[in-house]
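Contents: one structure, followed by commentary.
Naming convention: chains lettered A, B, ... in sequence-line order (proteins, then strands); numbering from 1 in each chain.
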There are 2 protein chains.
Amino acid sequence: MTKTRVSLAVVKRLPKYYRYLGMIEEKGIIRVSSQELSAITGLTASQIRQDLNHFGGFGQQGYGYNVEELRSEIEKIIGINKSYKAIILGCGNIGKAIMNYKGFKSSGFNIVDVFDHGDKVGNKIFDYEIKDVDKLDEYLAENKPEIAIIAIPTEQAQKVCDRLVEGGIKGIWNFASVDLKLPKNVVLENVHLDESLYTLTYYMNNLFDYPGTKN
Amino acid sequence: MTKTRVSLAVVKRLPKYYRYLGMIEEKGIIRVSSQELSAITGLTASQIRQDLNHFGGFGQQGYGYNVEELRSEIEKIIGINKSYKAIILGCGNIGKAIMNYKGFKSSGFNIVDVFDHGDKVGNKIFDYEIKDVDKLDEYLAENKPEIAIIAIPTEQAQKVCDRLVEGGIKGIWNFASVDLKLPKNVVLENVHLDESLYTLTYYMNNLFDYPGTKN
DNA sequence: TAGATTGTTAATCGATTAACAATC
DNA sequence: TAGATTGTTAATCGATTAACAATC
């Protein structure tokens, strides 16, 4: 009995479940049925039950799901019960936005250091003294951060990515507009802002195709 | 003969085609086959031909596609040959990052004004004098921007969204962690950074499920 | 026990891939 | 004309939805 691969579509819905469960937990609601979850998330009850069952039988017939338990299970599945050491590459606009984003620390993400090159090295931005990207390799060997956040110009991204992989990084959150090449034991998640914006303009100009809020 | 709806999956691939075509056009390459495009994009040749044929027969049997022509067609399809007036709601980290992001203006996106409330009103950030969100409604009536970028805290997002819709906004690029409710003639595109980050940690913790760079 | 709701199997729907005739 | 490669139809694959037996 080999576990069957959980599809990307399912994985992308987990944060949504987590978010809504947090909201109803805060309201003091104890139990919830797939039908009620359907009403607030806009997904079908059937899909919700299918999705959750990939990870275990968290519900109970005739009762539904215990909100607190389900939320905590999903938290574990996503892996946000742990804490992570992250570094940021690039202290431009996006780098700064992430440095300063309170939401992360509270979810167990610790931005331990920030790298850039040239003039910027040594500057202090939001409590971070910018480190020299030329010394990245030694840094990785010594400090073993798990996550690297790429917020540097497109042209430099692949090169830095290679060094990150070499240095043992486990996950890369990439904000540069490139499809980075890396071995598949290092996880890549892209935030391609330009592609997102283009999707917006596409639908503004082709309203007929717009599926509504299904994305 | 009614046009059949173009699926979200196809629409999300258009920016990718656009980006790679730009790259090979810069190299001075004149023609390209679906097979060559397959090699650089990682998509199958069959899928590429299917995708492009949703929008017209841009290719030629025995020849392939003319790079410049195809790129320019996709540009029109996505709608980035036009220019857009955009406003930003919120001058926090993300608001600032977008204000300052050069890539946008060059693609025809003009950030004409930035709104916030309280102390921040009247401040000057990157050439923008922050306007009062309380005066948003009059502003919209007068200036008719097409795109609004929501970069304010989650709790306030829906309310501001309602006013944007009321004021005739055509597209919303939303950075707040909420599923905004709006009529389906207003286009919504979300950038949910927390969900993206959770996808990263999920796969870091469940490498078996990781599909590689298929997203 | 009766009612509710899950977990799970089967049916449907949609998207991707394969194949090939059309045609440059 | 022969070779190449598209446009398009058909086959396959996968994801979503529907249905219902299991069970709390």
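- When every heavy atom of B:N143 is checked against every heavy atom of B:K85, the shortest pair comes out as O-NZ, 2.7 Å.
- How far CD of B:E73 is from CG of B:N66: 10.0 Å, rounded to the nearest 0.5 Å.
- Both A:Y63 and A:V10 sit near DNA chain D, but only A:V10 has its closest nucleotide nearer the 5' end.
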For DNA chain D, please output the secondary structure as dot-bracket, reading 5' to 3'. Pairs are Watson-Crick or G-U wobble, both atom distances under 3.5 Å; mark crossing pairs with [ ], other-strand partners with |, unpaired with a dot. ..||||||||||||||||||||||

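- Using modelled atom types and a 3.5 Å distance limit, the side chains of B:Y18 and B:R71 yield a donor-acceptor pair.
- Between B:K159 and B:E166 no salt bridge is recorded (no basic side-chain N to carboxylate O distance below 4.0 Å).
- Within the nucleic acid shown, A:S46 comes within 4.0 Å of at least one base atom, counting heavy atoms only.
- Between A:Q60 and A:Q50, the one whose closest nucleotide on DNA chain C sits nearer the 5' end is A:Q60.
- Within the 4.5 Å cutoff, no side-chain heavy atoms of B:L14 are placed close to those of B:D51.
- Residue contacts shown for B:R5 are absent, as no nucleic acid heavy atom lies under 4.0 Å away.
- When atom types are taken as modelled, the side chain of A:E36 and the backbone of A:S33 share a donor-acceptor pair closer than 3.5 angstrom.
- Within 6.0 Å of CG on B:L207 lie more than 12 heavy atoms contributed by other residues, nucleotides or ligands.
- One finds no salt bridge joining B:R19 and A:D194 here, because no Lys/Arg side-chain nitrogen approaches an Asp/Glu carboxylate oxygen to under 4.0 Å.
- Mapping heavy-atom proximity under 4.0 Å, the span of DNA chain C touched by chain B runs 5' to 3' from C:dA15 to C:dC24.
- Of the residues in residues 23-35 of chain B, B:R31, B:S33, B:S34 come within less than 4.0 Å of DNA chain D through at least one heavy atom, sorted by number.
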